[in-house]
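Just so we're on the same page: letters track the sequence lines, and every chain starts at 1.
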Protein chains: 2
Amino acid sequence: MNSVYDPNELQSPAQRECDLLARLPTFLAYAKQECDHYRHILNDIDVTAISSRQSLTSVPVTRKSDLIGLQAKNMPFAGLNASSSTPSRIFQSPGPIFEPEHDSKDWWRMGAAFYGAGFRAGERVQNCLSYHLSPGGFIMDSGAKACGCSVIPAGPGQTELQLDIIEQLRPEGYSGTPSFLNILLQKGKEQGRDISSMTKALVSGEALTPSLQATFKATGISVSQAYATADIGLIAYETCPGSGLVVAEDILVEIVRPGSQELVADGEIGEVVVTSFNPDYPLIRFATGDLSSIMPGAGSCGRTNMRIRGWQGRADQTTKVKGMFIHPEQVERIRLSHGELAKVRLVVTNIDDNDQMTLHCEVSDAGRSDVDMARVAQTMKAITKLTGYVELVAPGSLSDDGIVIEDLR
Amino acid sequence: MNSVYDPNELQSPAQRECDLLARLPTFLAYAKQECDHYRHILNDIDVTAISSRQSLTSVPVTRKSDLIGLQAKNMPFAGLNASSSTPSRIFQSPGPIFEPEHDSKDWWRMGAAFYGAGFRAGERVQNCLSYHLSPGGFIMDSGAKACGCSVIPAGPGQTELQLDIIEQLRPEGYSGTPSFLNILLQKGKEQGRDISSMTKALVSGEALTPSLQATFKATGISVSQAYATADIGLIAYETCPGSGLVVAEDILVEIVRPGSQELVADGEIGEVVVTSFNPDYPLIRFATGDLSSIMPGAGSCGRTNMRIRGWQGRADQTTKVKGMFIHPEQVERIRLSHGELAKVRLVVTNIDDNDQMTLHCEVSDAGRSDVDMARVAQTMKAITKLTGYVELVAPGSLSDDGIVIEDLR
């Protein structure tokens, strides 16, 4: 199937990579000039030299979890937005985090996800994400419209009334959370409603569990997932259930070890970090706080872009030990202080009502004799203000699951 | 103050009238060709001859209250929409009545109302009408954006969270119902919140009572009303509180005796009937079901269009007498059956638990001797299936309040 929303979905991976990287120097220079935040964090960086994935890792990540504090100091968008443009809408997502929207067509780049899920021009979509305060409803709405569909802006409530509308308008599809689709189907069944018009759905905002997926399949509804955030819009989308999520065109996705600036190996779980070339709201190495991993090879749908496994957990593993916050960034600083440490993982336990932390360290066989465990323990104390144990583990024994702080309490 | 949203707001009334009437023949021909409904109801009408307000009265009105039945037969828009265009959104308002929205800028023509209420480019508007199912939220949203404002799509709930947002984003204005603005202000005062950024509001969807208006004024918020419907968008808007609502550019407004096709005299209360030259959703002599009346002369704001008094009640006075529905249209048919009747009003009472109806008839002095009251009573029985009394009243004694059926039970 070679029918796609954007012909670029079929281009050679090398061409895509080349085009995206070629845009970096100009775009970073633009962001440095237009946005207070990037003027500050790119101050000492020669952006003309940033034109490869390797050189991009020298650019500091901007963490979604830091936006709350950054925005409080510089309302509403912490200077990540282009200062010369006025947003058409301003949202507030829980946190609180403020997000802008501008008016150009398919601003959230969601059209490809609707198309990939089977939506076509002239069809009707009942959109059941909320349009109030956070942008979920509008993100879906603009994607469906970009595909030429008519949107029924229904929101996430009034189930009986929504069933009336499905019977009357006979929409071909649904967009919203998987759980609300399930509520509609269950109630529709109980009441003997005719919802046979609905044959496809694009879901987001929640995990699509295998049991829900099976329920939907049994009802004759083909369900695809979209992975999108209120900052970036579309990041990746499903076209053939079970074969992962294809990364959206026009963004650069990196998978980074939580707390660090460094890429993980292909296939290993890490934090999703996105560079989005949005002139209104440039996001450069924006760490989403979500874990995912790259899938090898190409999917069966013909699209050539990199695929990721979808949402595999939260990257922010910040926890409290003996009443003190421990962040993944601190664990990374310990690792970087000792060149012989290849990979580390802080394990937190509780023994006799006392919190205890142990740093498991992977060291290459060559470097094994060089490790001074007492010095590592000193560094740990200096950085975390807490005493902890240090253990050497065999190379390859720490699993590639994106976990930097493992809380076993 | 000669600052307006659209320069046409300052043109001479004669020029405006001439321009609007000149558009009728072509537009009616377009509607007849593009829309099933108009093909049907304009079938026997030579639309090229419809180029004056007088000739326009020969075109049958389409009543909002009839849309429910008409739409059920021809989903979703009963053939009032242009058949060749796909709406970007479909709404459902209580009734149920379906309404389309298309994507062009300021499709609901609300920009003028926001501008008239004092909103300017670069300002922020907290929009507290719902975006779900019925179009209120989007009608306000698109108008504020057309003025260059940034919209915070807040919806009508989560009061505490909305107060947080007002303190953080400091929006200049509010749009929504007057009652929700009052809730925000009351709760804000109770909790000692800083909502001083809000200095203006555009309200709609409810009557703005004098006591609410006084409360808002005391809080330092200048509040203007917009009269808009889910079918037409903007009909009229307030620019100087107390001096009526200026009719929007680009629509023709008639004030019609309820149940009839006929214009009332200037100043008399009647039903608001609108012709909107919207190529996506032509509305030709669309009877809104609302009562209003024309105000004489020009307002003080410099805008030259006709002004109306705002919402003065519901035009649909359908009631039940002895278990039978009586419609204003039936009262009008009785009047039209007897040329000597100038004006009539059906008064319904209940005496000893029996419904009673009396047709009050105004007759010119000249025609007074010609009235055969027994024959009028026969006509009343033939049309309503009910026996009623007939009473002659002095010319000018029935008040000009738009009431055709007066229910005194």
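The shortest side-chain heavy-atom distance between A:L185 and A:F216 falls under the 4.5 Å cut-off. Counting only heavy atoms from C-beta outward, the side chains of B:L70 and B:F77 never approach each other to under 4.5 Å. Under the 4.5 Å side-chain criterion, counting only non-hydrogen atoms from C-beta, A:L283 is in contact with A:L80. You'll find the side chain of B:R120 reaches within 4.5 Å of the side chain of B:Y115, heavy atoms only. The closest side-chain heavy-atom distance from A:R39 to A:Q33 is not below 4.5 Å.
No donor-acceptor distance shorter than 3.5 angstrom exists from the side chain of A:Q186 to the backbone of A:I183, with no hydrogens or angles considered. Of the possible polar contacts, none joining the B:R63 side chain to the B:T288 backbone as a donor-acceptor pair under 3.5 Å is found. With hydrogens and angles disregarded, a donor-acceptor distance shorter than 3.5 Å links the side chain of B:D194 to the backbone of B:S196.
Stacking of A:K200 on the aromatic ring of A:F119 is recorded, both the 6.0 Å distance cut-off and the 45° axial limit being met.
Contact residues of residues 85-108 of chain B toward chain A are B:T86, B:P87, B:S88, B:R89, B:I90, B:F91, B:Q92, B:P96, B:F98, B:D103 (heavy-atom distance under 4.5 Å). Using a 4.5 Å heavy-atom cut-off against chain A, no residue of residues 219-231 of chain B qualifies as contacting. Of all residues in residues 174-182 of chain A, none places a non-hydrogen atom less than 4.5 angstrom from a non-hydrogen atom of chain B. Taking non-hydrogen atoms and a 4.5 Å limit, the residue list of residues 136-166 of chain A in contact with chain B, ordered by number, reads A:F138, A:D141, A:K145, A:G148, A:C149, A:S150, A:V151, A:I152, A:P153, A:A154, A:G155, A:P156, A:Q158, A:L161, A:I165.
Across B:E34 and B:S84, no two heavy atoms sit closer than the pair OE1-OG, 2.9 Å. When all heavy atoms of A:A112 and A:Y237 are compared, the pair lying nearest together is O-CE1, 3.6 Å. Residues A:G233 and A:R109 approach most closely at C-NH2, 4.1 Å, considering heavy atoms. Across every non-hydrogen atom of A:Q71 and A:P76, the tightest pair is CD-O, 3.2 Å. When all heavy atoms of B:L234 and B:A113 are compared, the pair lying nearest together is CD1-CB, 3.8 Å.
There is no side-chain donor-acceptor pair under 3.5 Å between B:S276 and B:N278. Remark: the A:S197 side chain and the A:E172 side chain contain no N/O donor-acceptor pair separated by less than 3.5 Å. Inspection of the A:T62 and A:Y38 side chains reveals no N or O donor paired with an N or O acceptor under 3.5 Å.
Heavy atoms closer than 4.5 Å to chain B are found nowhere in A:R170, neither backbone nor side chain. Within the 4.5 angstrom heavy-atom criterion, atoms from both the backbone and the side chain of A:S130 approach chain B.
Between chain B and the residues A:V125, A:L169, A:N127, the most heavy-atom pairs under 4.5 angstrom are made by A:L169.
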Passes side-chain contact (heavy atoms from CB on, under 4.5 Å), A:R193 versus A:K187? Steps please.
CA-CA 8 Å; A:R193 301 298 198 103; A:K187 200 159 228 168; over 6 Å; no

